[in-house]
Amino acid sequence: MATDFELAVFERQLHEALELPEAKRWTLERDGSVPLGLFATMHPLGNPGELYKLRLHWSDLYKPPSLKFINMVTGSDSDPKAWPRCFGFRPSSLDACLPWTEEGQRLHPEWQHSAANAFPKTDAPIQLALINVQSSLDRTYQGRGPQ
Amino acid sequence: MNTTTVSSGEQIAHHETLNVKVRYAASGKPYVNPKANPDETLAALKQQVLQFFGLVEGEVDGGRKVYFLTYGGVQQTDLSIQLKQLAQGEHHLELNLIEQFIQG
């Protein structure tokens, strides 16, 4: 359960994220189904027509968030085709096995004890997640996930 | 403003400093230098930025920490480039510092 402090920080940081230069390429909205969740729509640099909708959920705002990509038509969170093929993203497994995601840390519990791969200390968890997704899309995009 | 003298003796004015902002994804407070030297290289800027955010590259327990700079979404691989070359006549320069994570 999110604390009042987390909810207030979340609300403020969501507004601050909208002021990032990258946000000109995003649409952001709260996911009302959970206290600490949002949807974002993004596209890779050079592929403005390839839109991806992602969902971020935090159980604790200062721990790694869960990342899922969402089918923009059906709303399904279990469609590999909704995932971009990028470094660290695994469309067939419907997860991102990266140190900044809940899924990555769950699959690799040894990471939390590693200086190299522990979740970074952050005072900007929303920005951390959004910039990392956008950077993956911009630098390592290889197309849409398999059916 | 700074000036450069060309062969005819004419002096050409250009920006003496650049307003540089670098955002590290994990930090809500960006690195800002409103009077950055345009001749400075990205390598020198990166060192200042890492220091500002309290980050160190290199071998650590469990692997290696690596960070890189992006400009307009593009990873900058040539760190010998000068800030003025990247800015291309603009007075403001905004970059991101990204941590290179491993893939599990």
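Lettering of chains follows the sequences in order, A, B, ..., and the numbering in each one begins at 1. Nothing here was measured: the structure is a model prediction, and the numbers come from that model.
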Exercise for review: Check step by step if side chain to side chain contact (heavy atoms under 4.5 Å, CB included) holds for E22(A) and N96(B).
Suggested key: CA-CA 10 Å; E22(A) 291 84 355; N96(B) 281 342; 2.4 Å; yes
Exercise for review: Step by step, work out the side chain to side chain contact (heavy atoms under 4.5 Å, CB included) result for I98(B) and N132(A).
Suggested key: CA-CA 8 Å; I98(B) 305 287; N132(A) 273 296; 4.1 Å; yes
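Follow the hydrophobic side-chain contacts under 4.5 Å out from Y67(B) and you reach L86(B) in the same cluster. Cluster annotation: L97(B) is connected to L79(B) through the hydrophobic network of ILVMFWY side chains, with a link wherever side-chain heavy atoms come within less than 4.5 Å. Residues V20(B) and V49(B) are members of one and the same hydrophobic cluster, defined by side-chain heavy-atom contacts under 4.5 angstrom among Ile, Leu, Val, Met, Phe, Trp and Tyr. Cluster membership for L18(B) and L42(B), using ILVMFWY side-chain heavy atoms within less than 4.5 angstrom, is shared. A single hydrophobic cluster is not seen to contain both Y62(A) and F53(B); linkage of ILVMFWY side chains at heavy-atom distances under 4.5 Å, directly or through other members, places them apart.
You'll find the side chain of L20(A) reaches within 4.5 Å of the side chain of R23(B), heavy atoms only. At least one side-chain heavy atom of L45(A) sits less than 4.5 Å from a side-chain heavy atom of V74(B).
Within the 4.5 angstrom heavy-atom criterion, atoms from both the backbone and the side chain of I102(B) approach chain A. With a 4.5 Å cut-off on non-hydrogen atoms, S27(B) touches chain A through its backbone and its side chain both. Only the side chain of F68(B) comes within contact range of chain A, with at least one heavy atom under 4.5 Å from a heavy atom of that chain.
Residues of residues 93-130 of chain A having a heavy atom under 4.5 Å from any heavy atom of chain B, listed by number: C97(A), L98(A), P99(A), W100(A), H108(A), W111(A), H113(A), S114(A), A115(A), A116(A), N117(A), P120(A), K121(A), T122(A), D123(A), A124(A), Q127(A), L128(A).
For the salt bridge (charged side-chain N to carboxylate O under 4.0 Å, His left out) test, residues two or more places apart in sequence or in another chain that qualify with E59(B) are R64(B). Legend: residues meeting ring pair (Phe, Tyr, Trp, His ring centres under 6.0 Å) with H91(B), ordered by chain and number and at least two apart, are H15(B).
Between the OG atom in S135(A) and the CD atom in E99(B) there is a gap of 11.5 Å [rounded to 0.5 Å].
When hydrophobic side chains of Ile, Leu, Val, Met, Phe, Trp and Tyr are connected at separations under 4.5 Å, M72(A) ends up clustered with L51(A).
No more than 12 heavy-atom neighbours from other residues, nucleotides or ligands sit within 6.0 angstrom of CG on D4(A). Within a 6.0 Å sphere centred on CD of Q85(B), heavy atoms belonging to other residues, nucleotides or ligands number more than 12.
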